[in-house]
Amino acid sequence: MMILWFLLAGTFAGVCAGLFGVGGGMIIVPALVWMFTAYGYSPDIIAHLAVGTSLATIMVTSISSLTAHHKRGGVRWEVWKNMAIGLVVGSLLGAAVADQMNGLMLQALIGVAALLVAFKMLFLSNKENLGRPLPSAPVQIGAGSGIGMASAIFGIGGGSLTVPFLTWAGLPMRQAVGTSAACGLPIALAGAAGFAWFGQDVIGLPSGAIGFVHVTGFICISIASFITAKLGAKWAHQLPAATLKKGFGALLVIAGSQLLWSGLKGMGVI
């Protein structure tokens with residue numbers, strides 16, 4: 001039965017990724033938190049297991065996405081090479097930081113992150129700074145470190161952070177989106193490896209898990225999201241962009257509020 005839920009979560013995440021042009025992490029993490037809670041997993045590992053598994057699935061979706069953008073000349077590889085250094089270091093550091101967090105606190109933080117992304121999608125837009133000289137390599141590496149750390153903690157591909165930075169840095173929106181898609185790969189690789197490593201000695205993990213990565217969940221979600229992302233992308237060209245953006249923002253408000261509420265309630269804060 002859990003396999004069916006994994007497939008449904010992957011299907012929904014894939015459609016949303018294709019529809020709204022974002023990675024599925026902000027969908028997959030809340031879905032896994034709810035699933036693991038329903039199956040009685042320990043609150044101490046639920047959020048960590050959801051984040052680690054989400055990062056593992058992003059490895060697959062990011063390869064598909066960056067390949068498509070590369071074919072259209074949408075990836076600035078010279079920028080990616082600098083940022084990738086910071087992204088790997090930041091993602092490993094983020095996994096280490098998350099490992100030290102209380103599970104319910106991590107869950108509440110993920111809820112806050114979802115609400116912030118929702119606010120951005122509903123009320124803010126990325127402004128292009130065409131003609132602006134690119135920031136220096138150390139600045140790009142530093143930005144990558146911060147983005148990688150936050151993305152690993154929240155289990156996302158980092159697009160909601162990378163695209164604003166790249167448009168600020170002077171890249172056209174098309175190249176910012178394409179380069180951001182490529183940046184999801186080092187985040188996912190390093191982040192998933194970190195969660196697998198730091199979770200290897202944790203008590204109470206389900207059978208078949210590698211650290212904080214649920215292998216069955218990773219396989220099922222990856223397959224389903226990879227297939228259905230194409231369907232979402234097709235629908236994206238048939239529906240108004242503004243409506244899609246507001247719809248995803250509203251979805252994140254619901255998911256983020258629930259995660260924040262349940263995390264704070266579990267800790268006895270409310």
Side-chain angles (χ1 to χ4, degrees), residues 21-26 28-29 47-48 50-52 54-56 58-59 62 65-66 75-101 105-121 124-129 132-171 173 175-195 197-198 212 252 256 259-260:
V22 299
M26 275 297 174
I28 294 171
V29 173
H48 296 80
V51 170
S54 173
L55 288 167
I58 292 171
M59 290 190 296
S62 65
S65 181
L66 76 86
V75 181
R76 290 283 294 273
W77 290 109
E78 77 279 13
V79 176
W80 179 87
K81 285 191 292 185
N82 289 328
M83 291 192 67
I85 298 171
L87 291 169
V88 169
V89 173
S91 297
L92 290 172
L93 182 58
V97 170
D99 180 56
Q100 299 302 313
M101 286 185 184
M105 179 183 295
L106 178 58
Q107 184 172 318
L109 283 177
I110 294 169
V112 171
L115 291 173
L116 290 175
V117 173
F119 177 82
K120 176 182 175 297
M121 295 197 73
L124 302 177
S125 61
N126 298 316
K127 295 182 179 179
E128 294 182 325
N129 290 302
R132 179 188 182 119
L134 282 172
S136 65
V139 172
Q140 295 177 38
I141 294 172
S145 298
I147 292 170
M149 182 174 179
S151 300
I153 291 174
F154 301 133
I156 60 177
S160 57
L161 302 173
T162 310
V163 171
F165 168 73
L166 293 175
T167 53
W168 168 85
L171 269 64
M173 180 58 69
Q175 293 184 353
V177 172
T179 307
S180 173
C183 286
L185 183 57
I187 290 173
L189 283 170
F195 272 86
W197 174 263
F198 291 115
F212 289 125
L252 286 183
L259 287 173
L260 178 60

* Give a yes or no on whether W197 atom CH2 has more than 12 heavy-atom contacts from other residues, nucleotides or ligands under 6.0 Å away. =>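 At most 12 heavy atoms, drawn from other residues, nucleotides or ligands, come within 6.0 Å of this atom.
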
* M101, CE atom: more than 12 neighbouring heavy atoms under 6.0 Å -> yes

Ignoring hydrogens, what is the shortest heavy-atom contact between [X] and [Y]? Give both atom names and the distance.
X	Y	result
G191	S91	N-CB, 3.8 Å
I156	G25	CG2-C, 4.1 Å
T179	L166	CB-CD1, 3.7 Å
I153	L106	O-CD1, 3.6 Å
V88	P186	CG2-CB, 3.9 Å
G111	L259	CA-CB, 3.8 Å

Treating [X] as the side-chain partner and [Y] as the backbone partner, does any N or O pair qualify as donor plus acceptor under 3.5 Å?
X	Y	result
S151	I187	no
T167	P164	yes
S54	A50	no
S62	M59	yes

* Please name all residues satisfying side-chain contact (heavy atoms from CB on, under 4.5 Å) with A193, sequence neighbours left out, ordered by chain then number. =>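 So A193 forms no side-chain contact (heavy atoms from CB on, under 4.5 Å) with any residue.
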
* By side-chain contact (heavy atoms from CB on, under 4.5 Å), which residues pair with L66, not counting sequence neighbours? ->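 Result, side-chain contact (heavy atoms from CB on, under 4.5 Å) vs L66: W77, A182, L185.
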
* Asked: Less than 4.5 Å apart, any side-chain heavy atom of W168 and any of R132?
  ->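 Yes; the side chains approach each other to less than 4.5 Å.
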
* Asked: So, do L134 and R76 sit near enough that their side-chain heavy atoms are less than 4.5 Å apart?
  ->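 L134 vs R76: side chains touch.
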
* Asked: Would you call the rings of H48 and F195 parallel, tilted or perpendicular, where under 30° means parallel and over 60° means perpendicular?
  -> tilted

Rounded to the nearest 0.5 Å, what separates atom [atom1] in [X] from atom [atom2] in [Y]?
X	Y	atom1	atom2	answer
I110	L260	CD1	CG	11.5 Å
M83	S145	CE	OG	9.0 Å
I147	T162	CD1	OG1	4.0 Å
L87	L92	CG	CG	11.0 Å

* Structure fact -> Only residue of S180, C183, P135 satisfying side-chain contact (heavy atoms from CB on, under 4.5 Å) with F165 is P135

* To do: Identify, with sequence neighbours excluded, every residue that meets side-chain hydrogen bond (donor to acceptor under 3.5 Å, both in side chains) alongside N82.
  => Q140

